[in-house]
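What you are looking at is a predicted structure, and each value in this text was computed from that prediction instead of being measured.
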Amino acid sequence: MFHKPVRPVLVVIAHGSRDPRHAATVHALVRRVRSLRPGLRVETGFLDFNLPSVQGVLESLAAEGVRDVVALPLLLTRAFHAKADIPAALREAPSRLRIRQADVLGPSPLLLSALERRLYEAGLTPADKSSTGVVLASAGSSDPEAIAVIADIAREWWHTGWCAVRPAFASASLPRTEDAVRELRALGCSTVAVAPYVLAPGFLPDRIARGAAGADVLADVLGPAPEVARLLLDRYDTARTPLPAAVGA
């Protein structure tokens with residue numbers, strides 16, 4: 001009798017926060033992922049502050065007899081958490097688990113679509129693009145690779161028709177959101193909008209919001225946007241699909 005292969009469990013790995021809005025938003029996103037693919041088992045683990053921990057989720061799955069897992073970092077850039085914290089947590093997983101680590105979410109055209117969705121929900125329209133300067137406001141990082149990626153995303157997004165797009169950072173890097181808002185005003189953009197390039201509320205997103213005080217529009221965090229949920233499934237599918245064997249291997 002033919003048995004359909006069991007799909008790996010998707011374990012979404014979130015940062016965690018003392019701010020209860022963070023976990024609530026992560027869980028809302030995971031619910032949307034489940035609704036898009038009802039047959040897929042999706043679990044959530046947190047690196048810090050919230051339960052269940054990543055280790056706790058993996059141990060529970062192993063105890064149930066699960067063998068295959070795709071661990072998906074709920075991160076927008078490949079900075080310290082993606083390069084160090086998550087691999088370290090996965091190394092502590094029960095040995096019976098076969099774990100494939102999916103790539104981080106960004107960059108992706110789906111994230112640009114989610115950013116625009118949030119701006120339009122905040123009151124802009126597509127007709128406003130050419131007269132609107134946008135601050136792409138991220139949490140920030142000390143990792144130069146992550147900072148360079150944010151700058152690249154800002155340039156790419158600008159080419160879709162905005163008056164201007166400037167990156168800004170809530171920590172570790174400059175400019176700050178308020179500085180980018182002032183720069184866009186000085187450039188002559190008639191409307192200035194701030195688009196938080198963050199997944200969930202918390203300390204740094206609140207700092208972005210304070211820096212947006214001089215802007216005309218402040219979008220919501222990406223959260224459970226449909227595009228973000230689709231992107232999680234895209235990363236899962238890529239991670240679970242074996243690479244084709246090299247010719248001559």
Side-chain angles (χ1 to χ4, degrees), residues 19 21-22 24-26 28-29 32-33 36 74-77 104-141 146-171 173-232 234:
D19 188 322
R21 297 173 299 167
H22 174 91
T25 302
V26 170
L29 173 58
R32 176 154 259 162
V33 171
L36 290 176
L74 199 60
L75 300 169
L76 296 175
T77 58
V104 296
L105 299 181
S108 167
L110 284 169
L111 291 174
L112 291 182
S113 296
L115 287 164
E116 294 204 357
R117 170 188 292 276
R118 293 302 189 224
L119 285 170
Y120 297 150
E121 289 171 351
L124 293 179
T125 70
D128 297 319
K129 285 186 81 166
S130 62
S131 60
T132 300
V134 179
V135 179
L136 179 67
S138 81
S141 172
I147 297 304
V149 166
I150 300 299
D152 287 344
I153 293 169
R155 281 191 292 270
E156 179 185 347
W157 202 16
W158 170 58
H159 287 303
T160 67
W162 297 99
C163 172
V165 180
R166 292 291 185 270
F169 307 94
S171 68
S173 309
L174 295 174
R176 295 285 183 258
T177 302
E178 52 268 36
D179 301 325
V181 168
R182 285 192 290 268
E183 182 184 352
L184 292 171
R185 290 277 185 221
L187 279 175
C189 299
S190 59
T191 302
V192 175
V194 173
Y197 190 62
V198 293
L199 287 164
F203 176 75
L204 293 178
D206 283 349
R207 182 179 286 177
I208 290 171
R210 290 193 297 273
D216 303 297
V217 174
L218 170 62
D220 200 359
V221 299
L222 295 170
E227 298 85 356
V228 179
R230 283 172 49 206
L231 180 54
L232 263 69
D234 286 352

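With contacts defined as side-chain heavy-atom distances shorter than 4.5 Å, the pair Arg32/Pro226 qualifies. Within the 4.5 Å cutoff, no side-chain heavy atoms of Leu74 are placed close to those of Val104. Here the side chains of Leu105 and Leu199 are in contact, with some heavy-atom distance below 4.5 Å. Taking 4.5 Å as the limit, some side-chain heavy atom of Leu111 sits within range of a side-chain heavy atom of Val228. With a 4.5 Å cut-off on side-chain heavy atoms, Pro196 and Asp220 do not count as touching.
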- Message: Assess the residue pair Leu110 and Asp234 against the criterion (side-chain contact (heavy atoms from CB on, under 4.5 Å)); give the C-alpha distance rounded to whole Å, side-chain angles, the decisive distance to 0.1 Å, and a yes or no.
- Response: CA-CA 10 Å; Leu110 284 169; Asp234 286 352; 3.5 Å; yes

- Task: In sequence, state the C-alpha distance, the side-chain angles, and the governing distance for Val135 and Leu184, and then conclude on side-chain contact (heavy atoms from CB on, under 4.5 Å).
- Result: CA-CA 8 Å; Val135 179; Leu184 292 171; 3.6 Å; yes

- Message: If you apply the rule salt bridge (charged side-chain N to carboxylate O under 4.0 Å, His left out), what do you find for Arg230 with Glu227, and how did you get there?
- Response: CA-CA 5 Å; Arg230 283 172 49 206; Glu227 298 85 356; 5.6 Å; no

- Query: Could you walk me through whether Glu183 and Asp179 pass the side-chain contact (heavy atoms from CB on, under 4.5 Å) check?
  - Reply: CA-CA 6 Å; Glu183 182 184 352; Asp179 301 325; over 6 Å; no

- Item | Derivation and outcome, side-chain contact (heavy atoms from CB on, under 4.5 Å), residues Val192 and Thr132 | CA-CA 6 Å; Val192 175; Thr132 300; over 6 Å; no

Anything under 3.5 Å between a donor and an acceptor, one on a side chain of residues 146-157, the other on a protein residue two or more places apart or in another chain? List them.
unit_1, atom_1, unit_2, atom_2, d
Asp152, OD1, Arg155, NH2, 2.2
Trp157, NE1, Glu116, OE2, 2.9

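Closest of all the heavy-atom pairs between Pro205 and Val198 is CG-CG2, 3.9 Å. Between Gly123 and Asp128, the shortest heavy-atom contact is O-OD2, 4.4 Å. When every heavy atom of Val194 is checked against every heavy atom of Leu119, the shortest pair comes out as O-CD2, 4.1 Å. Smallest separation of non-hydrogen atoms from Asp216 and Ser190: OD2-O, 4.0 Å. Contact between Gly211 and Val181 at its shortest, heavy atoms only, is O-CG2, 4.1 Å. Taking all atoms of both residues into account, the shortest heavy-atom contact from Cys163 to Gly133 is CB-N, 4.0 Å.
With Arg185 contributing its side chain and Thr191 its backbone, the two residues share no donor-acceptor pair below 3.5 Å. Remark: side-chain polar atoms of Lys129 are paired, donor with acceptor, to backbone N or O of Thr160 under 3.5 angstrom.
From Thr77, atom OG1 reaches atom OH of Tyr197 across 7.5 Å, with rounding to the nearest 0.5 Å. In this structure, OG on Ser141 lies 12.0 Å from CG on Leu76, to the nearest 0.5 angstrom. Taking OG1 of Thr125 as the reference point, atom OH of Tyr120 lies at 7.5 Å (rounded to 0.5 Å).
Sorted by first and then second residue, the salt bridge (Lys or Arg N to Asp or Glu O under 4.0 Å) pairs with a member in residues 199-215 read Arg21-Asp206; sequence neighbours excluded.
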